[in-house]
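Below is one structure; the comments refer to it alone.
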Protein chains: 2
Amino acid sequence: MSLIDFEARLCRLNSPTALPLAAGYLWNKRMMIHMNARGYATAQFMQPEPSKYARAQILEQKHFMLPEQGTYAHHPGRFFYLKDRDSGDLRSAPYEPVRSAWDRFAFEAKPESIGWVLEQNGLRLELELSLPVDEAVELWELRLINGEAPRRLSLYPAFPLGLMSWMSQSAAYDPGLNAIVGDCVTPYQKVADYFKNKDLKDKVFLLSEQTPVAFETRQRPFEGEGGLHHPDALIADRLANGISRYENPIAALQFDHDLSPGETVTHRFLFGPAFDHAEIQRVKDTWLSAEGFERARTEYAAYMAQGRGSINIDFGDNHLTYFVNTWLPRQVYYHGDTNRLTTDPQTRNFLQDALGNVYVRPESSRATLLKALSQQHANGSMPDGITLYDGAELKYINQVPHTDHCVWLPMLLEAYLDETGDYAVLDETVTDQETGQSKTVRDRVSWAMQWLIEKVDQRGLSFIEQGDWNDPMNMVGWKGKGVSGWLTIATAYGLKLWAQILTRDGRDPTLFEAAIEQFRDAANTHLWDGDWYGRGITDDGVIFGVKADGEGRIYLNPQSFALMAGLAGNGKKTLMIKAIEEQLETPYGVEMIAPAYTHMREDVGRLTQKFPGVAENGSVYNHAAAFYIYSLYQVGEGDKAFELLRKMLVGPDEADYLRRGQMPVFVPNYYRGAHRQFPDASGRSSHLFNTGTASWIYRSVIEGLFGLKGCREGLRISPQLPSQWPQARITRCFRGAVFDIDIRSHDTAAKTTVTCPTATVDGDLVSGFEAGKTYKIEVVTPRR
Amino acid sequence: MSLIDFEARLCRLNSPTALPLAAGYLWNKRMMIHMNARGYATAQFMQPEPSKYARAQILEQKHFMLPEQGTYAHHPGRFFYLKDRDSGDLRSAPYEPVRSAWDRFAFEAKPESIGWVLEQNGLRLELELSLPVDEAVELWELRLINGEAPRRLSLYPAFPLGLMSWMSQSAAYDPGLNAIVGDCVTPYQKVADYFKNKDLKDKVFLLSEQTPVAFETRQRPFEGEGGLHHPDALIADRLANGISRYENPIAALQFDHDLSPGETVTHRFLFGPAFDHAEIQRVKDTWLSAEGFERARTEYAAYMAQGRGSINIDFGDNHLTYFVNTWLPRQVYYHGDTNRLTTDPQTRNFLQDALGNVYVRPESSRATLLKALSQQHANGSMPDGITLYDGAELKYINQVPHTDHCVWLPMLLEAYLDETGDYAVLDETVTDQETGQSKTVRDRVSWAMQWLIEKVDQRGLSFIEQGDWNDPMNMVGWKGKGVSGWLTIATAYGLKLWAQILTRDGRDPTLFEAAIEQFRDAANTHLWDGDWYGRGITDDGVIFGVKADGEGRIYLNPQSFALMAGLAGNGKKTLMIKAIEEQLETPYGVEMIAPAYTHMREDVGRLTQKFPGVAENGSVYNHAAAFYIYSLYQVGEGDKAFELLRKMLVGPDEADYLRRGQMPVFVPNYYRGAHRQFPDASGRSSHLFNTGTASWIYRSVIEGLFGLKGCREGLRISPQLPSQWPQARITRCFRGAVFDIDIRSHDTAAKTTVTCPTATVDGDLVSGFEAGKTYKIEVVTPRR
């Protein structure tokens, strides 16, 4: 049996140990949970800042999501111990903490739920986690299905609550609620913080539908010397009904079942945070029943359906098919709908997440654009992060000045306008918070582009300050002189897009067209290094990302954007692609930098302190790889693009997946790189699903691979199928219409021809269609 | 066999499970380590801020030391696995993580080292941790002593290094050093922080004297599915020589020993932080040898000898004797010499730690006084914390304004002057950082007292702002109106002491004497509640800590200081002591507040959000209990004082100790209280050894119980032996002389008589003695 199965809209892992960090993720309007196949969980809810209701055993630092985070013995989890009262067999579902093998183990990540099917010695255990749409609560359903022999079981859900607070923490069983309720006070020292914290949900509950025979809320006595993997408390017939007072609590319940042959019992539990008893009662009344669970499922399915995405294909490869049809748009939807569960998304992420979302929920992308512009600074620049509520603060990297945020505005707009044709958005007026001025979207974007035009040195190169898209390049220009090669090129691209949009909108683009040439010339004069573009020039005038460098010799991004911007002629294009092949390509995709830095370079900065091959320092950073793939489609290099796309989304085979530790339900932000320096760990997944990759790769599939790109007039069709594909069938949703498209490639075709009997076709342009209708389109394209 | 033994200068625990949090602590000029009997460790070193070299598996929040902190399966530890290659028996010394029972287990905390003696099946394992005086490095010596049968063993020291950094972390074996070296980069995001972090010791090493046969540095493969309690890596004959690259490292070495009957092998290891390879080499050359370990022991013993304290007694009770002779002065010394390993000690703690240190290292107390006064504000007040180095910042509670810091100056000075007679300190000039003005110590303290005199409301009561000695009473006066009853009384006491000092110094105390009466009158008019003094009056004019209150009805501190200040006549004294007996005394000492708050009182603040019976909310807060004990000696209530002293330091019996979880090598900052509300957990130790208790209780023993108090003219002797004691023998070191004192109490004695043939005796005053000489003194005192 394969260890990973791909079925329609389901990814199944058949061993808990094959992929120790395998996990699915669910989210709703209030929370996110990253549920590990082994039973460990990382969950947070927004109030409005991210908060936890099940915590570590020590005070964990608040931090951004870290890559390659492991689990550990006392990691928060959702554990269901199962004791056979006759044989004494003790095990835990799904796997942790007892780690007993099951005859059958299946971990099933679906878009709407995460579940397990476990079997042992004729007993089947089905476990499923789902969420409602608009409540921070986990819905757990557990079913015991007995085989042919009677058996006497004790079942113990045991959810550690961790160190809740140093001020106050406790937990007890509430018989009225039929719940274990943990309570604490979010710690504070300053008076002002008391008032801030007053309304926080400091309680946590484990509600049970069935009444337990006993409970335990004190983690230390629960574990005893046996440890969480063999708790002392489970040796006794009954849990001790202990009340936790200022000690790390656990929510453990005991249910005894004498099962007849074939008998099935079903448990339902709710686990989540609450403000008070009344809220727990309300949550219980709303959800804790078969009907409540069913309603939650139905509503959640409808919520997920809103994120279905705009294409449906059959690649003839289950993994790639389900990835592109299901998991990729789901990831795009997640980003766009949750803002990565932060209250101050980085401006560039906020805009790019919206860029992907134009294919999923374009109305949400529109709102993002207006929200972002409402925080434009008085000088036309964009802030480092967008605060999503009054009182939200810029945190972490958003406190460090970066110069690239404006450049993403025309990229989002291009995608949005092409997909929706909603040029009216350009006339929307937006009042900004800083000056109170009202301006149209068009004027604001022009203003932002004007800021970029002016923010250059005497050579015409864009200042970098403490960073650009590559956050941790924080010392290149901190003295105010250093410039970004990438940003210079990306600005040329942004200006090109903006001039196009203005032209299509009947406005005068002259000003911006003139500037494009200046940026192109500056880049070609100062940054072209013979075979590729350099990455920047430091405060002290040292160009880097060039042949002379032993480490950080070539950076991917300047090349990708040069291709998009049309900066380089065919000669340069060929040289760049060759240099990338030789220096950056690996079996797992394209690295962002090579060779990775192994030592600090004080004129480049934090980047070079990062571990080689990890994150931005030489990994297969998929966001950058996605730019490159998109740019390859832009310049007609479809075969190379697809090869890299496939490496990113699928990889060579299952064995490779297992080695790299990636559960294929999302594209991670990076795979480890430094392939030529540290080949052993190369390809390993970061396990982080927050990444701009999803947007650009979804766009590359839709607009590049299948060439189904909108424009003001309609839908243009110019696919770049890989040369080995004779055919493809796609369903594309576009402006409310559905297009069933059959693409065939023929050796004899001289050019792409599009046929649609029920719509207007002019060359590659399809128009004259109506929302709500379905159109059959046939495309014949020359074999590449 | 008893589970806890008391031998001279040693506290021995004979079971790893009897006291799960039992630990000893060692410190030197650079670091502190809290070493748990089971093998878990909490260590930090100063560079100059507190830093770690062995970390948790996740990013731990930086925080002040938390009470009742538990350990957990992946808690940092120093583990030595031992595998019998013939029988397959796998165990770990001292106990974690395998948790196998030993035939014999002894955990031995000595002032100079922490060790274990373990025996199993004829094999003896001796393990000892010591520190050098002025280097952040752990010295581990491990001895295997074989019995009569030959045996083949594999020994594996395995120290988890934890999540070192999200930027960069790695570990590998360095054959040149014969060490595992872990490396990381302290994470930062802002450019400025790079320069701050540049000189940090980001490396960690485990140096071995013997050469290992194999190693492992990757924690995940080391553990495998077996877990840290049964690591997969130990099943194989050899560790896999794995190199950790951007994954949580472990420093594991393997040594194979074929032991003949009676054979002994000795291992030495060094574990600690370092800046670079050269530093590791230097540390190795300096310490990693039998001679180096011996030199470290000798030097460390000399360092500890400086903290011997100034009395030696025999209570006829091993525990109390060794506690008072050894552990209590050691704790005082630790506080005074390390400033609790913070760089911004709270001013009141800084001064009180110095107060205890006058009996141990008075020159250090003098330096503390001058340091503190150099940070006096321009208005005469003292800051909330004293920064110990340039660039140190006030953190945590020190960012919240408190009004009591000045009041501790005369208390420190009284103790210092009485012990040393060094009145010259009053003429020392101190330049303060804020104004650059130079003033004498005398003028600065007068200025501080003047600030206290003026910082009162129209009733003459002292403003409290966001707190006083009781930190978390942060909402009583945050609007600027609320007053502290305790501070009003304590100011009267401080003024009394200051007026006395001025008088003894031949200065005019009139100004301060007049103020004393004002504060006494204000307290007696507005705060006396019929049987005790109230604690304060809120911003809205509500008096609290009075009979009308259901919770927080009586606070201990106002009563203690009223006794010290002579505020209350004998009538009030009797009423207060009775009220305290009835409402605050418990089998484990005196609670600070009763009943503990179970709900938030918004006009009192954070205190009332703390868990009932924990920390300042109704626990037996030993610092407050020590004030009360000291005050009882002040007013001649020696029997009651000793009863409470004994409860604090010893408790009723060993069973009680085990139940309460306290390893008797320090007095913890609190025992759980709320005895009448939650009797089950009452008495449980906080396990925190940072506390002003040590100073006041050491002072109470010296000056109260034995009545051996200095004064300008010499040593006064007026003991208050408990009525059941017929006799006591004490050695008292005082101003360089040694006094061998024999105290006898007689029913027939009418008053205390002091006899010393070689010194001048005038009533209770001994004078005319010389440093370096020993004096025999006989004291006869009436039986109480």
Side-chain angles (χ1 to χ4, degrees), chain A residues 17 20 56-63 66-75 99 163 166-170 185 188-191 194 219-220 225-229 245-248 396-397 399-400 466 471-472 474-475 478 600 602 605-606 609-615 617 672 678 680-681, chain B residues 17 20 56-63 66-75 99 163 166-170 185 188-191 194 219-220 225-229 245-248 396-397 399-400 466 471-472 474-475 478 600 602 605-606 609-615 617 672 678 680-681:
Chain A
T17 56
Q57 301 294 318
I58 53 174
L59 283 183
E60 189 172 357
Q61 199 180 113
K62 285 196 179 181
H63 50 76
L66 303 185
E68 302 193 33
Q69 277 258 65
T71 57
Y72 53 99
H74 271 105
H75 194 284
R99 297 188 176 179
L163 175 55
W166 52 260
M167 284 191 74
S168 180
Q169 58 174 354
S170 61
V185 174
Y188 62 95
Q189 297 200 301
K190 298 177 183 172
V191 168
Y194 167 73
Q219 180 158 331
R220 185 186 298 276
E225 290 297 309
L228 216 41
H229 56 284
R245 294 198 174 102
Y246 202 72
E247 60 201 304
N248 292 11
Y396 311 124
I397 195 70
Q399 299 177 312
V400 176
Q466 293 192 25
D471 289 331
N474 63 341
M475 290 211 244
W478 69 289
M600 179 62 178
E602 283 206 349
R606 194 159 59 89
Q609 297 260 45
K610 291 203 170 186
F611 196 82
V614 162
N617 185 13
R672 278 220 209 168
F678 299 114
D680 289 356
Chain B
T17 56
Q57 300 294 317
I58 53 173
L59 284 183
E60 189 173 355
Q61 198 180 115
K62 284 196 181 182
H63 51 74
L66 303 185
E68 303 194 32
Q69 276 257 65
T71 57
Y72 53 99
H74 271 106
H75 193 284
R99 300 189 175 177
L163 175 55
W166 53 260
M167 285 191 73
S168 180
Q169 58 175 352
S170 61
V185 174
Y188 63 96
Q189 297 200 300
K190 297 177 184 172
V191 168
Y194 168 73
Q219 181 158 331
R220 185 187 297 277
E225 290 297 312
L228 217 43
H229 56 284
R245 294 198 174 100
Y246 203 71
E247 59 202 305
N248 292 12
Y396 311 125
I397 194 72
Q399 299 177 312
V400 176
Q466 293 191 25
D471 289 330
N474 63 341
M475 290 211 247
W478 69 290
M600 179 64 178
E602 283 205 351
R606 192 158 61 87
Q609 295 260 45
K610 290 203 171 186
F611 196 83
V614 162
N617 185 14
R672 279 219 208 168
F678 299 113
D680 289 354

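So you know, we letter chains A, B, ... as the sequences are listed, proteins then strands, and number each from 1. Side chains included, hydrogens not; waters and symmetry mates left out as well; all remaining heavy atoms used.
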Please state whether the side chain, the backbone, both or neither of [X] comes within less than 4.5 Å of a heavy atom of chain A.
X: Leu228(B); result: neither
X: His229(B); result: side chain
X: Glu225(B); result: both
X: Val614(B); result: side chain
X: Gln169(B); result: backbone

Against chain A, work out which of [options] has the most heavy-atom pairs shorter than 4.5 Å and name it.
options: Tyr72(B), Tyr246(B), Tyr396(B); result: Tyr246(B)
options: Gln466(B), Gln57(B), Arg245(B), Lys610(B); result: Arg245(B)
options: Gln69(B), Glu247(B), Arg220(B), Met600(B); result: Met600(B)
options: Asn474(B), Asp680(B), Val400(B); result: Asn474(B)
options: Ile397(B), Leu59(B), Val185(B); result: Leu59(B)
options: Lys62(B), Glu602(B), His63(B); result: Glu602(B)

**Prompt:** When only pairs under 4.5 Å are counted, which of Met475(A), Gln189(A), Gln219(A) shares the most heavy-atom pairs with chain B?
**Reply:** Gln189(A)
**Complete:** His74(B) meets the ring pair (Phe, Tyr, Trp, His ring centres under 6.0 Å) criterion, sequence neighbours left out, with none
**Message:** Under the rule for ring pair (Phe, Tyr, Trp, His ring centres under 6.0 Å), what residues qualify as partners of Tyr194(B), not counting sequence neighbours?
**Reply:** Tyr188(B)
Is it the side chain or the backbone of [X] that comes within 4.5 Å of chain B heavy atoms, both, or neither?
X: Phe678(A); result: side chain
X: Val191(A); result: both
X: Glu68(A); result: side chain
X: Pro612(A); result: neither

**Gln61(B) side, atom CD; Ile58(A) side, atom CD1 - distance, nearest 0.5 Å** = 10.0 Å
**Message:** I need the Met167(A) CE to Leu66(B) CG distance, nearest 0.5 Å.
**Reply:** 12.0 Å
**Asked** Just wondering, do Glu60(A) and Glu60(B) contact through their side chains at under 4.5 Å, heavy atoms?
**Response** no
**Prompt:** Heavy-atom distance under 4.5 Å between the side chains of Gln609(A) and Ser168(B), does that happen here?
**Reply:** no
**Asked** Are the side chain of Asn248(A) and the backbone of Gly70(B) linked by a donor-acceptor contact shorter than 3.5 Å?
**Response** no
**Prompt:** Between Gln399(A) and Lys190(B), does a side chain to side chain contact (heavy atoms under 4.5 Å, CB included) hold up when you go through it step by step?
**Reply:** CA-CA 8 Å; Gln399(A) 299 177 312; Lys190(B) 297 177 184 172; 3.4 Å; yes
